[in-house]
Amino acid sequence: MKINPRDFYAHPTLIVARQLLGMRLVRILDGARLAGIITETEAYIGEQDLGCHARAGRTKRTEVMYGPPGRAYIYFTYGMHWCLNAVTEAEGFPAAVLIRAIQPVEGVAIIAARRQGRGADGPAKLTQALGIDGGLNGIDLCTPEAGLWIETGESIPEKSVTLGPRVGLNVPEPWKSVPWRFRLRRVHFPAQ
DNA sequence: AGCACGATGCTCT
DNA sequence: GAGCATCGTGCTT
């Protein structure tokens with residue numbers, strides 16, 4: 001499989017969020033290759049989007065979102081959790097896709113052990129499963145250098161995709177309800 | 001199966 | 001000082 005090039009991310013965030021479904025999130029951890037199929041994403045788009053961290057403008061925290069596409073934006077929340085995003089669109093425009101869930105397909109035993117058998121179907125669950133934290137904030141997802149990237153994967157038909165409102169936002173409409181959450185209906189993937 | 005709650009510390013007002 | 005792009009537990013239906 002092939003690592004997504006920067007151009008993949010240099011597109012409208014809703015397109016990228018949809019395209020990421022079925023792709024493979026890969027992490028090299030202690031020399032082992034761990035991976036999962038991306039099954040849920042959300043789009044966060046610009047300073048106007050009151051659900052997006054960039055509503056606060058350019059700050060130390062949001063700086064990465066203003067940078068080039070294809071980098072990882074990783075933030076800390078609720079005092080204990082890390083969440084992984086892929087930065088999208090042109091440099092200078094703050095937007096990203098939150099990776100909300102994966103279905104483990106490589107290094108499954110290691111992932112299960114790290115998760116104590118609890119699965120990786122949540123934004124903070126998958127970062128914990130793959131050993132992703134703030135130390136990787138800003139790294140390039142378009143090269144294998146940092147040990148974290150996204151590869152081409154399964155082709156997903158429209159029929160298998162469900163849209164809905166983003167989760168956990170307490171913000172004014174329309175931002176609270178715009179259908180910028182993309183989910184893959186339950187599908188069986190071969191183990192390689 | 002679903003809801004309420006506490007944990008825990010950073011970010012921005 | 002308030003709120004948070006969450007998770008796991010424990011209790012209720």
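Throughout, protein chains are lettered first and strands after them, A, B, ... in sequence-line order, and every chain is numbered starting at 1.
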Rounded off to whole Å, could you give me the [atom1]-to-[atom2] distance for the [X] and [N] pair?
X	N	atom1	atom2	result
A:Glu47	B:dC12	CD	C1'	15 Å
A:Trp82	B:dT8	CH2	P	16 Å
A:Glu63	B:dT11	CD	P	14 Å
A:Leu50	C:dC4	CG	P	12 Å
A:Tyr78	C:dA2	OH	P	17 Å
A:His81	B:dG9	NE2	P	12 Å
A:Asp133	B:dT8	CG	C1'	16 Å
A:Tyr75	B:dT8	OH	P	20 Å

| said: Need to verify one output field. Residue with the more 5' nearest nucleotide on DNA chain C, A:Gln128 or A:Gly79? | reply: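 Counting from the 5' end, the first nearest nucleotide belongs to A:Gly79.
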Among [options], find the nucleotide with the atom closest to the side chain of [X].
X	options	answer
A:Ala56	C:dA5, C:dG8, B:dT13	B:dT13
A:Pro123	B:dA7, C:dA5, C:dC7	C:dC7
A:Ala124	B:dT13, C:dT6, B:dT8	C:dT6
A:Phe76	B:dC10, B:dT13, C:dA5	B:dC10
A:Thr59	C:dA5, C:dG8, B:dC12	B:dC12
A:Leu98	B:dA7, C:dA5, C:dC7	C:dA5
A:Met65	C:dA5, C:dC7, B:dC12	C:dA5
A:Arg118	C:dA5, C:dG8, C:dC7	C:dG8

| Among A:Arg18, A:Lys125, A:Arg181, A:Arg183, which one satisfies salt bridge (Lys or Arg N to Asp or Glu O under 4.0 Å) with A:Glu40? |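 Of the listed options, the one satisfying the test is A:Arg181.
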Hey, does [X] reach any base, or is it just sugar-phosphate, or nothing, if we go heavy atoms under 4.0 Å?
X	value
A:Asn85	base
A:Lys60	nothing
A:Gly51	base
A:Arg181	nothing
A:Arg61	sugar-phosphate

N/O (side chain, [X]) to phosphate O (OP1/OP2, [N]) under 4.0 Å:
X	N	value
A:His53	C:dA5	yes
A:Arg166	C:dT6	no
A:Arg115	C:dC7	no

| C:dA5: pairing nucleotide in any strand, Watson-Crick or G-U under 3.5 angstrom |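 Partner of C:dA5: none.
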| Hey, what's the ring geometry for A:His53 with A:Tyr75, parallel, tilted or perpendicular (30° and 60° as the breaks)? |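 Taking A:Tyr75 first and then A:His53, their aromatic rings stand perpendicular (interplane angle over 60°).
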| Is it true that the NZ or CZ of A:Arg166 lies under 6.0 Å from the centre of A:Tyr44's six-membered ring and within 45 degrees of the ring axis? |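 Positive - A:Arg166 is close enough to the ring of A:Tyr44 and near enough to its axis.
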| request: Carefully, step by step, assess A:Glu151 and A:Trp149 under the rule side chain to side chain donor-acceptor pair (under 3.5 Å). | output: CA-CA 7 Å; A:Glu151 295 180 353; A:Trp149 65 86; 3.0 Å; yes
| If every non-hydrogen atom of A:Leu25 is compared with every non-hydrogen atom of A:Leu148, which pair is closest and at what distance? |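 Looking at all heavy atoms of both residues, the shortest contact is CD1-CD1, 4.0 Å.
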| A:Val87 and A:Val64, any side-chain heavy atoms less than 4.5 Å apart |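 The answer is yes; the side chains approach within 4.5 Å.
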